[in-house]
Amino acid sequence: MPDENRPTNFIRQLIDADLASGRVQEVVTRFPPEPNGYLHIGHAKSICLNFGLARDYGGRCHLRMDDTNPAKEEVEFVESIKEDVRWLGFDWGRHEYHAADYFERLYAWAEELVLAGKAYVDDQSADAIRDSRGTLTEPGRPSPWRERSPAENLDLFRRMRAGEFPDGSRTLRAKIDMASPNLNLRDPVMYRIKHQSHHRTGDAWCIYPMYDWAHGQSDAIEGITHSICTLEFEAHRPLYDWFLTQLGLAHRPRQIEFARLNLTYTVMSKRLLAALVKEGLVAGWDDPRMPTIAGLRRRGYPPEALRAFAERIGVAKADSTVEVELLESTVRDALNASAPRAMCVHRPLKVVIESWPEGEVERIEAPWKQDAPEKGTRQLPFTREVFIERDDFMEVPVKGFKRLSPGKEVRLRYGYVVRCTGVVKDAAGEVVELRCTHDPDTRTGAPKDGRKIGGTIHWVSASNSVPATLRLYDRLFQVPNPGAGDSDFRTQLNPASLAVVEGARIEPALAGAAPGERFQFERKGYYVADAKDTKPGAPVFNLIVSLRDTWAKIAAQEKQ
RNA sequence: UGGGGCGUCGCCAAAUGGUCAAGGCACCGGACUCUGACUCCGGCAUCUGUAGGUUCGACUCCUACCGCCCCAGCCA
C-alpha cells in the first residue's frame, strides 16, 4: 500500500483506484529502455518511478530491453544499462526480459490478425505509404493492397519471414482506419523487412516488429499491470489498446503517460548527447559533465541523491523544466550527511609562522566528521610553514572580509590563531609569502583574553602535504535552455565547464584516497577521487558540487 | 488546420466543491558557527492562463477564448 509520507501523484492515484476496484490485484511495472545508447538522468526519473512503485506496492518491476530494431542496438548498451540500474540501487531479480525473446510469439499473433483480416501485406514503398497517409487535416487513402485475401496475406507474410523479399519491399500493416484523425491508427506498420542480424537473435529473423506492435503485447506477456511511459506516447494509446483488444488477451496492461524530465543548462536528447561524444566536445559518455548516469556516477553524485531528486521533482503531466539548482541541492544534502571532511588548498600561498620552532611538527588529531565521531579521526601535521588559500588573504581587505590581512588574525582550522605580521612580494609586486605569529593558547579554544576571532580558514602543512590534481567542473552550457529554437548547442557550451588545477595541496591523510571515495574539502566543496585517473601518489579529485558560498554572493553584489 | 495533452508563486508540485491555496528549490532578512558550510527562526500566490456562468461556497463543475507541447519514421 502507498506510503503516507511519500508525496502522492496522479499515477499512484490511478493505481489506488485500480486496486480498489479490483481491476488488478498486484502492481507490476517495467523499465523498458532501448539498448541504443547510455541512460541519462531522465531515465533515472523513470527507473525510480517504476521500481519505486513496485517497491511501495509490494509488486515487482521488470527490466526489459526494447530491442526491436537491430540497426541501432548493441550488447554494449545492454550491459551499461544494467550496470546503471543496479548502481541506482534497484534490483529486477530474475525479471530481465528482451522484446526479442517474444519475436516468435509476436509473429504467431500477427498471423492470427492476418487470418482474421485485420492485417495485410502492403507492397508499397515507404514513400508511397507516406504519401497515402494523408495529412493532419486530410484523411489518408487506402493502399491498393489493402483488400488482399487473408490467404494471400498469410502466404506473403510467411515468405517475408522466409527472406524471399528485399529490405523495404513490403510491410505488414494493421487494417484499422485510413481516415482516423489519429494518424497512428491509419494502418500502422507492424513489421518491416530488415536483413540485419540482431544482437540477441542473430540471423534468425529478417522481419522485425515495430514498437507499437511489440510493446503492448510484451507488457501483456509479462503480466505488466501499469505500463508507464512518456507523454509523446499518449496518442499511441488507442493503438496499444486496439492490438490488445483484437488479440482478445485476458491480461490488459494499462498505459499511463507522464512528463519527461528536462533540466536547465542541460541537453537530454540521445541525439545531442551522442553528438557531444562523437564530436569530442566532451571526453566520453562518462565525462563528469554529462547528464548520463555514467557521467553523474563518475562526477561523484551518490545514487541516493538521484533517488531523492526523483522524489523531490514529483511526477505529473505538465511539460516542465527543473532547475539544476534543485539537483545540486539534493546532492549537497546527501553529501553533507555522509561525506568525511578534509582540507585541500586549491591555490596555495605560503605562510611562515615565525613564532613556531623550525622543524617542529605537532600532530593535531581532527575528526573526519565532527557530528559523526564514529567515523574516527585523522592527524594534521602543524608546521612552521603552511599553505593557505590565496583567496583567504587580502592585503587591502574589503569590508566584511573575515579572513587574513596584514595585522589581522584568523584561526587555522583545528590549529592555532595566527596574526599576519608581514607580506613578501616578488619583483612584480605579487604576494608570494606571508609572515605570521601564532598564539599558543588557542589550539583548543578561544584566546584567553576573550578577543573574538572572526574567521576560520583551511590550511595544510607545507612540508607534510601532498600535491593533487583537481578537476573543477561547472555546467556544460552557459544558457538555461541549450539548443532552444534554432540555436546550435555547440555555440552555447560553457568554456569554463572544466578547469584543471595542478598545484593543489591536500592533507596527508588524503594521499591514499581510493577511487570513488568522496570528501568534503572544507569551505570549498564536495570532491570524489576520480574512478579512472586517480593513482597512489598522484591523486586526482573531481569537484562534485561546490559548497554554498554566501560570501561569494555578497562580494559579487558589492561589485555591481 | 484534424486529433491527443497541458496551463496553481521565479522553478518543480500538492489541493479531486467547503477558509489550507501544502511542501521543496531559488530568493530576501536574522540567529548560531573553529567550515562565510550545516542547522535554526522569519518573509515570499487575497490568488490558481483569461472572460463569463453554475453554487450558500470553485483551483476543483459548465461555456468561450488565449497560450504551450505531441502526432504525418518501414525510430522508440
Side-chain angles (χ1 to χ4, degrees), chain A residues 7-10 13 32-34 36 66-69 71-72 122 124-126 129-131 133-140 167-173 180-186 188-194 207-208 210-212 214-215 229-238 257 259 261 264 270 311-330 332-333 336-337 341 343 366 370-371 400-403 410-415 417 442 444-446 453-458 480 520-525 546-555:
Chain A
T8 182
N9 61 52
F10 77 100
Q13 292 171 348
E34 180 186 16
N36 70 340
D66 214 346
D67 49 1
T68 55
N69 187 353
K72 297 186 172 182
D122 193 343
Q124 291 187 107
S125 68
I129 288 180
R130 185 183 327 109
D131 289 344
R133 188 159 14 235
T135 67
L136 295 180
T137 52
E138 308 153 25
D167 286 7
S169 60
R170 285 181 164 85
T171 57
L172 182 75
R173 291 228 262 168
S180 172
N182 181 345
L183 306 215
N184 296 121
L185 262 22
R186 318 244 265 225
V189 171
M190 293 168 65
Y191 280 94
R192 70 286 215 187
I193 300 172
K194 274 180 194 284
I207 57 171
Y208 291 95
M210 297 288 289
Y211 166 86
D212 286 308
H215 207 89
C229 62
T230 44
L231 254 25
E232 66 269 27
F233 291 103
E234 206 147 24
H236 292 244
R237 184 162 15 108
E257 312 83 12
L261 171 66
T264 56
K270 275 187 185 173
E311 208 76 51
R312 288 220 244 178
I313 58 179
V315 179
K317 294 193 70 162
D319 291 309
S320 61
T321 301
V322 174
E323 295 176 332
V324 278
E325 286 86 346
L326 179 58
L327 210 211
E328 292 170 346
S329 161
T330 310
R332 285 192 189 101
D333 244 36
N336 177 50
R341 319 275 116 135
M343 293 197 279
Q370 256 176 331
D371 56 359
F401 191 71
K402 301 201 301 192
R403 284 105 101 148
V410 275
R411 173 178 290 281
L412 298 181
R413 167 135 252 225
Y414 295 125
V417 171
T442 54
T444 54
I453 305 300
T456 297
I457 63 176
H458 56 99
Q520 182 198 93
F521 289 169
E522 294 205 39
R523 303 208 311 133
K524 299 303 282 187
S546 64
L547 249 31
R548 215 171 250 113
D549 190 347
T550 307
W551 171 246
K553 193 181 295 179
I554 294 168

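Just so it is clear, the model here is predicted, and its values are computed rather than measured. Letters go in sequence order (proteins before strands), and every chain restarts at 1.
- When each of A15(B), G3(B), G2(B) is scored by its nearest atom to the side-chain atoms of Leu183(A), the top-ranked nucleotide is G2(B).
- In this structure, CZ of Phe233(A) is placed 14 Å from P of C75(B), rounded to the nearest angstrom.
- Between the Thr264(A) side chain and the Val324(A) main chain, a donor and an acceptor come within less than 3.5 Å of each other.
- Contacts of Val417(A) with the nucleic acid, taken as non-hydrogen atoms under 4.0 Å apart, are absent.
- Under a 3.5 Å cut-off, the side chain of Thr171(A) and the backbone N or O of Arg173(A) do not form any donor-acceptor pair.
- If you measure from atom CD1 of Ile554(A) to atom C1' of C28(B), you get 12 Å, rounded to the nearest angstrom.
- Here the nucleotide nearest the side chain of Arg548(A), chosen from A37(B), U33(B), C38(B), is C38(B).
- Between the CD atom of Gln370(A) and the C1' atom of U35(B) there is a distance of 8 Å, given to the nearest Å.
- Comparing U50(B) with G67(B), their P atoms are spaced 15 Å from each other, to the whole Å.
- Listed nucleotides: A15(B), C25(B), A76(B). Nearest to the side chain of Thr68(A): A76(B).
- Checking side-chain atoms of Arg192(A) against main-chain N and O of Gly168(A) turns up no donor-acceptor pair under 3.5 Å.
- Of the candidates A76(B), U33(B), A72(B), U33(B) carries the atom nearest the Lys402(A) side chain, counting heavy atoms from C-beta on.
- Here, U16(B) and G23(B) have their P atoms 16 Å apart, quoted to the whole Å.
- When rounded to the nearest whole Å, the span between CZ of Arg130(A) and C1' of A72(B) equals 9 Å.
- Distances shorter than 4.0 Å separate some side-chain N or O of Ser320(A) from OP1 or OP2 on A13(B).
- The side chain of Met210(A) sits closest to G73(B) out of U16(B), G73(B), C27(B).
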